[in-house]
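Structure, as structure tokens:
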Amino acid sequence: MRRRARVARLARSLRFHGRVEYRHVYSQSGGAQFCVGPTPDLDLLVVYAEVFERDRDPYDFSLEAIIAHECGHQALLRNPQLPAIVEKLPGRLYEEVLASLVGSLRV
């Protein structure tokens, strides 16, 4: 319950709109995933158990950085000015980098 509350509070502080879920399983996805819904209010941020292990490792990404990255994906999709930028990028790797940059600005 503490993890759920912490994740939800952090996502809201980073301006995530939609549902936030914590799942006490290992996903092998890096710790969190942004899932697009039909509207921003139905978007989903899922945070998995391994994110808390990564957060404890000072040489890995923090919980805040991982959630901010996923919030960056939502911003890239939902902010009316940003999808045009993403469409011009040659590949998924650039979108990942841009999501991290947008997320870092939110932090």
Side-chain angles (χ1 to χ4, degrees):
M1 289 175 53
R2 284 189 306 232
R3 285 182 175 186
R4 281 189 192 113
R6 184 176 174 199
V7 164
R9 189 173 49 251
L10 183 54
R12 298 290 176 240
S13 75
L14 294 169
R15 298 188 304 266
F16 183 81
H17 299 284
R19 292 186 348 212
V20 179
E21 294 181 5
Y22 169 73
R23 296 185 185 163
H24 196 68
V25 295
Y26 290 84
S27 69
Q28 298 178 358
S29 70
Q33 287 183 308
F34 166 66
C35 305
V36 179
T39 66
D41 290 339
L42 295 175
D43 286 350
L44 175 64
L45 173 62
V46 182
V47 178
Y48 299 98
E50 69 256 33
V51 79
F52 288 92
E53 290 180 13
R54 295 184 73 185
D55 188 50
R56 285 191 294 269
D57 182 349
Y59 298 103
D60 203 346
F61 291 103
S62 69
L63 172 66
E64 187 175 35
I66 292 169
I67 292 176
H69 172 82
E70 299 305 328
C71 291
H73 279 294
Q74 185 183 43
L76 289 175
L77 178 71
R78 299 295 186 188
N79 184 313
Q81 299 154 335
L82 297 178
I85 295 170
V86 175
E87 289 174 11
K88 294 178 185 177
L89 299 175
R92 180 99 172 112
L93 176 62
Y94 291 98
E95 181 184 342
E96 292 296 323
V97 171
L98 199 52
S100 288
L101 290 171
V102 170
S104 71
L105 293 172
R106 289 188 169 199
V107 170

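Just so you know, residue 1 is the first one in the sequence shown, and it goes up from there.
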Side-chain donor or acceptor of Arg54 paired with backbone N/O of Asp60 under 3.5 Å = no
Value for OG (Ser62) from CG (Asp57), rounded to nearest 0.5 Å, stands at 11.0 Å
Separation between CG (Leu76) and CG (Leu98), nearest 0.5 Å, reads 4.5 Å
Are Met1 and Arg4 packed together at the side-chain level, in the sense that at least one heavy-atom pair is separated by less than 4.5 angstrom? yes
* To do: Decide yes or no for Glu70 and Val46: does some side-chain heavy atom of the first lie under 4.5 Å from some side-chain heavy atom of the second?
  => no
Exercise. Are the side chains of Tyr26 and Glu53 in touch, meaning some heavy atoms are under 4.5 Å apart?
Worked result: yes
*I would like to know whether Asp55 and Glu64 meet side-chain contact (heavy atoms from CB on, under 4.5 Å); could you show each step before the answer?*
CA-CA 8 Å; Asp55 188 50; Glu64 187 175 35; over 6 Å; no
Next on the checklist: Is it true that, when you exclude Phe61 itself, more than 12 heavy atoms of the residues, nucleotides or ligands shown sit nearer than 6.0 Å to its CZ?
Outcome noted: no
Closest non-hydrogen atoms of Val102 and Gly72, given as atom of the first, atom of the second and distance, are CG1-CA, 3.9 Å
Scanning both residues in full, the closest heavy-atom pair of Leu101 with Ser104 reads O-OG, 2.7 Å
Please check if the side chain of Asp43 supplies one atom and the backbone of Gly37 the other of a donor-acceptor pair under 3.5 Å. yes
The side-chain contact (heavy atoms from CB on, under 4.5 Å) partners of Ala11 (sequence neighbours excluded) come to Phe16, Val20, Leu45, Ile67
All heavy atoms of Glu95 vs all of His73, minimum pair found to be OE2-ND1, 3.5 Å
What orientation do His24 and Tyr22 show, parallel under 30°, tilted 30 to 60°, or perpendicular over 60°? tilted
Rounded to the nearest 0.5 Å, the CG atom of Leu105 sits from the SG atom of Cys71 at a distance of 13.0 Å
Rounded to the nearest 0.5 angstrom, the NE2-CG distance for His17 and Asp41 is 8.0 Å
On a heavy-atom basis, the closest approach of Ala68 and Val107 is CB-CG2, 3.5 Å
Give the cluster check for Leu44 versus Leu14: same hydrophobic cluster or not, with ILVMFWY residues linked at side-chain heavy-atom distances below 4.5 Å. no
Does Gln74 reach the main-chain N or O of Phe34 with its side chain, forming a donor-acceptor pair under 3.5 Å?
no
Side-chain heavy atoms of Ser27 within contact of Glu50, under 4.5 Å = yes
Side-chain donor-acceptor pair present, Gln33, Tyr48, cut-off under 3.5 Å: yes
